[in-house]
Amino acid sequence: KTTQKTTQKIRDKILEIIKESPTIGRKEIATIIGNITEDGVKYNLDKLKTENKLERIGPDKGGYWQVKN
């Protein structure tokens, strides 16, 4: 249960960061959050995409994230 709350907090934080800076990369997100690895960020981004809360527009380099409501 605690893990689920922590995971949700991390995902909420990721969404906040992306809203402020849509072109941000995984490394920068990991640095801002602090207690998560780049792989951890990737995992959560994949989950957010699966939940249809986030969409990647364009290529990995030069693209950006779009937060869905």
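Throughout, residue positions are numbered sequentially from 1 according to the sequence presented. Below, each value reflects all heavy atoms present in this structure, side chains not excepted, and no hydrogens, waters or symmetry copies. Only a predicted model underlies this, so the values are computations on that prediction, with no experimental measurement involved.
Among residues two or more places apart in sequence or in another chain, the side chain to side chain contact (heavy atoms under 4.5 Å, CB included) test is passed with Asp12 by Gln8. Legend: residues meeting side chain to side chain donor-acceptor pair (under 3.5 Å) with Lys47, ordered by chain and number and at least two apart, are absent. Applying the side chain to side chain contact (heavy atoms under 4.5 Å, CB included) rule to Lys27 yields the partners Glu38; only residues at least two apart in sequence or on another chain are considered. Arg11 pairs by the side chain to side chain donor-acceptor pair (under 3.5 Å) definition with Asn44, Glu51, not counting sequence neighbours. Remark: Thr23 pairs with Ser21, Tyr64 by the side chain to side chain contact (heavy atoms under 4.5 Å, CB included) rule, at least two apart or across chains.
Other members of the hydrophobic cluster containing Val67, listed by chain and number, are Ile10, Ile14, Leu15, Ile17, Ile18, Ile24, Ile29, Ile32, Ile33, Ile36, Val41, Leu45, Leu48, Leu54, Trp65; membership follows side-chain contacts under 4.5 Å among ILVMFWY residues, whether direct or relayed.
Once rounded to the nearest 0.5 Å, the distance linking NZ of Lys49 with CG of Asp46 reads 5.0 Å.
Arg56 places a side-chain N or O within donor-acceptor distance of the main-chain N or O of Asp60, the cut-off being under 3.5 Å.
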* Go through the steps to decide whether Glu55 and Lys68 satisfy the test side-chain contact (heavy atoms from CB on, under 4.5 Å), and finish with yes or no. => CA-CA 7 Å; Glu55 185 181 359; Lys68 296 179 167 189; 3.0 Å; yes
